[in-house]
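For clarity, every value in this text was computed on a predicted model and none was experimentally measured. Residue numbers begin at 1 in each chain, while the letters A, B, ... track the order of the sequences.
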Amino acid sequence: MSCRTEFAVRDYNLEATLASGQAFRWRQEPAGWEGVVNARWVRLQAGTRAIVAETAQPPEDWEWLARYLQVAVDLQAVLAAFPSDPCLQAAVQSCRGLRLLKQDPWECLASFILSSNKQIRQIEQVVARLCERWGEACERWGEAVAVPSGHLARFAFPSARRLAAGTETELRACKMGFRAPYLLETARRIASGVADLEAIGQMPVNEARRELMKLPGVGRKIADCVLLFGFGFGEAFPIDVWMARALRRFYFPGQEPGLKHLQEFAEAHFGPFAGYAQQYLFHFMRCRVARASKRTDGRR
DNA sequence: GTCCAGGTCTTCC
DNA sequence: GGAAGACATGGA
C-alpha cells in the first residue's frame, strides 16, 4: 500500500471543512493541510476533482480517512433537503462544498470541553499543547506519530486513559484554566468505564444527549457538538453564541427569543440535516465578521 | 486597559 | 426553572 491516495470528490470544499471550527488539529502549510487522524499524520490537498491524501507510513487501507472526511456523503441530497429560506441559501452559496467530518468521539468530546468560552484560535492552541506537552520528552500523555523525515514532530490525541492518570495541575499547565477539572473528571469516568462512549453512540439521539450531559463540563451545546461531529447524529444542532446571534438576526428580527425557543425552532425548521445547516450558518457568520473586520482595518 | 470568546456550573430567588 | 456571576486565558 502506498503512502498516497486520491479520493474522488465533487463539491468538496476542503479549506472550509477543515477550518470551520469543527476540528482543531489542522494546520495550513505550504504543501497542504496537515493534521493527525486516528494517530496517523496526514497531509491533504484539494485537487480539481479529488482530495489528495498522504501519510508518513503506508496504511493497511484508507477506509479510516474516507470515513473521517465523509467523502461518500451525497452533498446534493443534503442540500436538496434544506428549507429554501434565503438566509440558509446565502450561507450555502458562500461556502459551497463545506462538509461535516466524522471525528473520534473521545477527541471530539475532550476538545469541545476545552472550547467553552474560548476563541477557536485559542482552542487550537490548548489542544496542540495538550497533545505536545508531554509528548516525546516525557512520553506520558501524547504519543509521537510517524512523520516524514525532517518534519516537525506531531502527536496523537491523548487517550482518556492517559489523561485520567494525570493531575489537574498538569492539565492546567496546558493553559486550559477552569476547564481542567472538567476534562480530568470526564477522562476518569470514561477510563474507568463509568461512562461508555461506544454505548452512547448506539443510543437514540435524545438518550445519547442526556448521557453526555451527565459528564462534567458538558452542557447542551457541547453535547450537541459531540453528537454531530463525533457520533454523526445529523439532526443535532449546536447553538453557541454565533448561532444564537445568527438565528435571532435572520429568523427573529426585532425579537429576543430564548435559547430553548431557538432550539425548538431549529429542530422544526432545518429538518433531518439540521447539523449540516448549522455548520453552513456558523461558517457563514464567521466569514461575514472576518470580512467586516478586514474592511474596518482597511479604513484605518 | 477593556471586552469577549463554538459554555458550564453554582447560587439565589 | 430562570437570572446572574464566577471561572482562566489570551486575542482583538
How would you label the contact of F24(A) with the nucleic acid (heavy atoms, under 4.0 Å): base, sugar-phosphate, or nothing? nothing
Using salt bridge (charged side-chain N to carboxylate O under 4.0 Å, His left out) as the criterion, list what pairs up with E54(A), not counting sequence neighbours. R4(A), R43(A)
Residues 229-243 of chain A vs side chain to side chain donor-acceptor pair (under 3.5 Å), sequence neighbours excluded, gives none
Quiz question: by atom type and distance under 3.5 Å, do the side chains of S84(A) and Q89(A) form a donor-acceptor pair? no
Just the table, please: protein N/O against nucleotides 9-13 of chain B N/O, every pair under 3.5 Å.
unit_1	atom_1	unit_2	atom_2	d
dC9(B)	OP1	G217(A)	N	2.8

Between dG6(B) and R286(A), is there an OP1 or OP2 to side-chain N/O distance shorter than 4.0 Å? no
Under 3.5 Å, N/O pairs linking protein and nucleotides 3-5 of chain B:
unit_1	atom_1	unit_2	atom_2	d
dA5(B)	OP1	R245(A)	NH2	2.7
dA5(B)	O3'	K118(A)	O	3.1
dA5(B)	O3'	Q119(A)	N	3.4
dA5(B)	N7	N117(A)	OD1	3.1
dA5(B)	N3	N117(A)	O	3.3

Checking E185(A) against K214(A) for the salt bridge (Lys or Arg N to Asp or Glu O under 4.0 Å) test, could you report, in this order, the C-alpha distance in whole Å, the side-chain angles of both residues, the deciding distance, and whether it holds? CA-CA 11 Å; E185(A) 178 58 22; K214(A) 288 178 183 171; over 6 Å; no
Indicate whether any N or O donor in one side chain lies under 3.5 Å from an N or O acceptor in the other, for D104(A) and Y68(A). no
Salt bridge E211(A)-R189(A), side-chain N to carboxylate O under 4.0 Å: no
Grab the CE-C1' distance between M285(A) and dG6(B) for me, whole Å please. 12 Å
How far does the P atom of dC4(B) sit from the matching atom of dG5(C), given to the nearest Å? 15 Å
What residues form a side chain to side chain contact (heavy atoms under 4.5 Å, CB included) with D11(A), not counting sequence neighbours? L75(A), Q76(A), R96(A), R99(A)
Looking across every strand, which nucleic acid part, if any, lies under 4.0 Å from S111(A) by heavy atom: base, sugar-phosphate, or nothing? nothing
For K260(A) and for S116(A), find the nucleotide of DNA chain C with the closest heavy atom, then tell me which residue's nucleotide is more 5'. K260(A)
Which ILVMFWY residues can you reach from V147(A) by hopping between side chains whose heavy atoms are under 4.5 Å apart? V36(A), W41(A), V145(A)
Round to a whole Å and report the spacing from NZ of K175(A) to C1' of dC7(C). 16 Å
Is Q279(A) side chain donor-acceptor paired with the dG6(B) base, going by distance under 3.5 Å alone? yes
